[in-house]
**Q** 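Here's a structure for you.
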Amino acid sequence: MNPLSMAVATAPQIELKDGLRSPAFDDVYFNTDENLADASYVFLEGNNLIQRWEAQAHEGVQSDVFVVAETGFGSGLNFLLLMKLWQQQKNKPKQLHFISCELHPFGKKQLSKILAQFSELKTQSEALLSHYPNGESIRFGFYRLQLFDSVSLTLMVGDAAACYQQCHAQVDAWFLDGFDPKKNPKMWSNSLFQQINRLSKKGTTIATYTAASSIRRLIESQGFQVNKRKGFGKKREMITAVMLDDVEPVACKQNWAPIKAARHHDEIVVLGGGIAGLSVARACTLAGQSVTLIDKDEPMQGASGNPLGMVMPHLTAQASPEALFYWRAFDFAIHAYLSDSDIFQSIGIKEWCETDKKQLWKKTLFNDHLWPEALIQSSKQGVLYPSAGVIDTQRLKDQWLSYTKQVVVADVVGIKKEGEHWLLLDSHHKVIQSCDVLVVTAGIHSLKFLPFESLPLVPKHGQVSVIESDKPLPFSQVQRHQGYAIPMSKHRCLLGATFDHMNEADWFKAPLLDASHSERNANKWDGFDQWQLPEYKTIFGKAGIRTTTPDHLPVCGNVVDAVTFEQEYADLHHGRHWQQYPEATTHEGLYLMTGLGARGFTSAPLLGQLLADMILDRTLPLEKDLCQQLHPNRFLYRQLKKPPQ
Ligand code: SAM
């Protein structure tokens with residue numbers, strides 16, 4: 001599986017006979033008579049979970065999150081049982097994260113039918129199903145689902161070894177549940193167990209129903225001490241194991257794009273109060289941290305302060321990192337916004353496809369007919385994104401600001417590292433704030449700070465206009481064509497957006513509203529004879545800066561020390577193998593998120609989660625290859641790969 005292929009996984013063939021059987025693997029998912037007791041005995045008791053949670057709850061800080069990983073998600077029954085046990089347990093770490101992989105995922109309807117028979121797991125099943133990917137055909141890749149405040153799931157669709165190779169996590173306990181090793185050797189391969197080793201640490205445990213000696217040897221070869229235990233019911237034995245020592249870190253393919261947790265994270269400061277900053281603050285706070293937000297203006301005054309913002313996927317005709325990222329981000333954003341009240345309205349976005357280019361795009365997109373209907377539908381004149389919609393930015397600001405410990409309004413002119421701390425300085429070199437972790441989310445202003453000055457960010461001057469008409473507007477969904485029109489009420493809509501080049505001298509100045517904004521935004525509808533704007537008057541306009549990147553993807557991750565990197569990677573253009581280069585040195589505790597362009601409301605929540613998980617060394621919501629596509633160091637790496645001029 002190429003993790004970025006976006007290919008559709010094949011759904012499983014199943015037989016419902018005394019439980020759930022797979023004819024292809026000639027093995028059972030579960031037997032109806034004993035499945036719940038069987039799975040609880042093997043996986044929950046086998047990993048000694050209750051005792052470990054109680055012990056960890058006493059230890060405090062170290063045990064904020066407990067991570068369980070599985071091979072073979074199937075019907076999710078093991079996960080639901082685990083979740084139930086977790087919810088019943090009083091003394092436990094603050095959060096539970098479950099990771100699983102599945103080569104043949106059930107479609108949502110099929111899964112719903114299977115789970116309906118377990119009335120004792122109703123609450124858990126409903127939570128899973130309300131977040132489970134839509135449709136009966138599910139695409140390869142990672143899905144991050146937040147089921148409850150304290151329970152999250154990373155579901156990786158694809159082959160187990162390939163998925164775990166893309167996974168960044170620290171696992172506490174493993175459920176090895178990949179069918180009988182003789183019938184499905186791929187789930188017990190050496191390459192998968194190398195990943196199990198890489199993702200484990202001292203004290204990590206394994207439980208599996210098999211007692212095969214080949215599997216025992218495989219587990220032992222990866223540094224685990226194996227114990228045999230009485231098997232469930234008639235089964236004689238099963239295996240449990242524990243990792244004895246810390247695992248040696250292995251060289252990873254992303255040497256130039258390192259993912260590094262912060263050494264300390266008591267004080268996290270986010271510099272930049274737009275949707276990017278609020279998203280990081282929210283994700284860090286939900287993960288149990290306290291966050292200070294700093295901006296020279298009140299939060300959400302810049303481009304994020306348009307009265308409404310669109311949230312929609314951006315599907316390129318062919319599979320691309322861009323399409324993959326925005327599709328994931330869209331799913332994640334909708335769930336994040338819907339978890340707070342009245343921020344997001346899913347009114348649907350209609351995209352008109354009138355040019356030949358757009359028609360071709362649409363044709364290619366629908367050729368395989370496998371996008372879920374909830375994501376995109378073909379319509380006569382174009383496509384409809386039925387679940388897409390609009391954000392009320394004022395409400396979002398009011399609700400998401402509550403995720404910050406404090407908001408500081410101050411003009412930061414420089415940042416510097418002193419000892420273990422990052423200092424934020426004013427124009428008199430006075431310290432405004434000091435912190436362990438600094439996340440810069442300052443759009444184009446990020447370039448003012450030293451480690452970022454050479455990033456190839458491109459600012460665009462963008463303006464929106466609010467117009468009002470005596471006649472009712474001829475649409476109730478968002479319309480996209482050359483520009484867009486977002487209905488605000490029966491007679492009022494937001495038109496957008498100009499997107500102009502900026503001279504370098506103006507990059508850091510407050511963007512001015514140009515008198516012709518509304519005419520220019522309305523002109524984008526010229527020649528669009530499906531509907532005309534009625535007579536209108538302009539009642540409001542707003543100018544902002546959208547920070548874009550040459551490859552149309554945002555910038556998100558650790559900040560690399562560019563000077564050292566250029567020295568160490570100077571001969572990259574000769575084509576030496578990546579393994580021959582050291583891991584790039586990062587600025588400890590410094591992170592960046594910028595370049596969100598005009599799609600910030602779609603991309604920011606997932607990027608915020610990604611950064612929070614990076615900072616806190618938790619399971620990342622995206623494949624490592626996709627993190628690499630977003631890495632701030634990608635531009636310098638690509639530059640050094642080219643022969644010098
Ligand atoms: N844990 C599951 C549950 O709670 O319902 C049951 C898992 S079932 C025994 C094994 C699962 O492994 C099946 O869903 C099967 O499709 C999946 N599987 C088989 N080969 C795989 C592979 N190479 N990579 C990922 N998953 C695989």
Side-chain angles (χ1 to χ4, degrees), residues 1-3 7-16 18-32 34-44 46-47 68-85 98-107 110-118 120-121 124-125 128-129 132 138-143 153-167 173-196 206-210 215 232 235 238 623:
M1 172 193 75
N2 169 1
V8 176
T10 14
Q13 299 294 320
I14 46 164
E15 281 171 6
L16 286 162
D18 305 328
L20 191 66
R21 269 193 79 75
S22 161
F25 290 101
D26 185 24
D27 203 349
V28 291
Y29 288 83
F30 53 74
N31 293 309
T32 346
E34 59 188 34
N35 52 74
L36 298 187
D38 184 355
S40 294
Y41 176 83
V42 173
F43 297 112
L44 308 183
N47 278 298
V68 178
E70 179 186 55
T71 53
F73 187 71
S75 61
L77 204 60
N78 290 343
F79 173 49
L80 301 182
L81 284 169
L82 171 72
M83 200 180 349
K84 186 167 180 184
L85 184 73
F98 191 71
I99 310 172
S100 193
C101 60
E102 180 52 61
L103 186 58
H104 303 294
F106 286 113
Q110 207 179 11
L111 184 64
S112 160
K113 267 194 219 151
I114 294 169
L115 294 180
Q117 57 189 302
F118 300 106
E120 57 278 61
L121 294 170
Q124 294 75 17
S125 303
L128 174 63
L129 287 165
Y132 195 78
I138 298 182
R139 286 173 191 260
F140 285 140
F142 285 23
Y143 297 78
L153 164 67
T154 300
L155 178 60
M156 309 182 294
V157 176
D159 172 66
C163 286
Y164 275 111
Q165 206 207 349
Q166 290 292 326
C167 177
W174 289 91
F175 297 178
L176 303 187
D177 194 15
F179 288 140
D180 183 338
K182 284 204 198 93
K183 294 173 180 164
N184 190 19
K186 271 193 99 178
M187 283 292 254
W188 307 90
S189 68
N190 211 18
S191 59
L192 175 59
F193 276 79
Q194 279 168 1
Q195 297 306 321
I196 291 178
I206 288 180
T208 180
Y209 48 79
T210 179
I215 303 302
F232 181 79
K235 287 191 194 134
M238 61 168 273
E623 297 87 338

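These figures come from a predicted structure and were not determined experimentally. Both counts, for ligands and for their atoms, begin at 1 and track the order of listing.
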**Q** Please confirm whether the backbone N or O of W174 pairs with a side-chain atom of N47, one donor and one acceptor, at under 3.5 Å?
**A** yes
**Q** Do N78 and D177 have a side chain donor and acceptor closer than 3.5 Å?
**A** yes
**Q** Which value, rounded to the nearest 0.5 Å, describes the distance between Y29 atom OH and S22 atom OG?
**A** 5.0 Å
**Q** Does the N or O separation between M187 and ligand 1 drop below 3.5 Å for any pair?
**A** no
**Q** Measure the spacing between CG of L153 and CG of L128 and express it to the nearest 0.5 Å.
**A** 7.0 Å
**Q** Which protein non-hydrogen atom lies closest to atom 12 (O) of ligand 1, naming both residue and atom, and how far is it?
**A** G72 CA, 3.4 Å
**Q** For ligand 1, is V28 a contact, meaning one of its heavy atoms is under 4.0 Å away?
**A** yes
**Q** Would you say the side-chain atoms of T208 and T210 include a donor-acceptor pair closer than 3.5 Å?
**A** no
**Q** Counting distance only, does the side-chain N/O of Y209 pair as donor-acceptor with the main-chain N or O of F43 below 3.5 Å?
**A** no
**Q** So, F118 versus F30, ring centres under 6.0 angstrom or not?
**A** yes
**Q** So if I count the atoms of ligand 1 from 1 in the order they appear, which ones are less than 4.0 Å from some heavy atom of E70?
**A** 1 (N)
**Q** Of the backbone atoms (N, CA, C, O) and the side-chain heavy atoms from C-beta on, which set of F25 has a member under 4.0 Å from an atom of ligand 1: side chain, backbone, both, or neither?
**A** side chain
**Q** Are the side chain of E102 and the backbone N or O of V157 linked by a donor-acceptor pair below 3.5 Å?
**A** no
**Q** Kindly identify the option in C101, A9, S75 whose heavy atom sits closest to atom 5 (O) of ligand 1.
**A** S75
**Q** Do me a favour and list the nearest non-hydrogen protein atom to atom 6 (C) of ligand 1 with residue, atom name and distance?
**A** D177 OD2, 3.3 Å
**Q** Using the side chain to side chain contact (heavy atoms under 4.5 Å, CB included) rule, take L192 and T71 through it: C-alpha gap first, then chi angles, then the decisive distance, then the call.
**A** CA-CA 9 Å; L192 175 59; T71 53; 3.9 Å; yes
**Q** As a check for students: among F73, F179, F43, Y29, identify the option with a heavy atom nearest to atom 2 (C) of ligand 1.
**A** F73
**Q** Among K186, E102, H104, which one has a heavy atom closest to atom 13 (C) of ligand 1?
**A** E102
**Q** Which ligand 1 atoms are under 4.0 Å away from a heavy-atom of A160?
**A** 22 (C), 24 (N), 25 (C)
**Q** With atoms numbered from 1 as shown, which atoms in ligand 1 lie under 4.0 angstrom from a non-hydrogen atom of N78?
**A** 1 (N), 4 (O)
**Q** At a 4.0 Å cut-off, with the gap strictly under it, does some heavy atom of G76 reach an atom of ligand 1?
**A** yes
**Q** Give a yes/no on ligand 1: does G158 have at least one heavy atom closer than 4.0 angstrom to it?
**A** yes
**Q** Which option, L103, N184, D159, owns the non-hydrogen atom nearest atom 19 (C) of ligand 1?
**A** N184
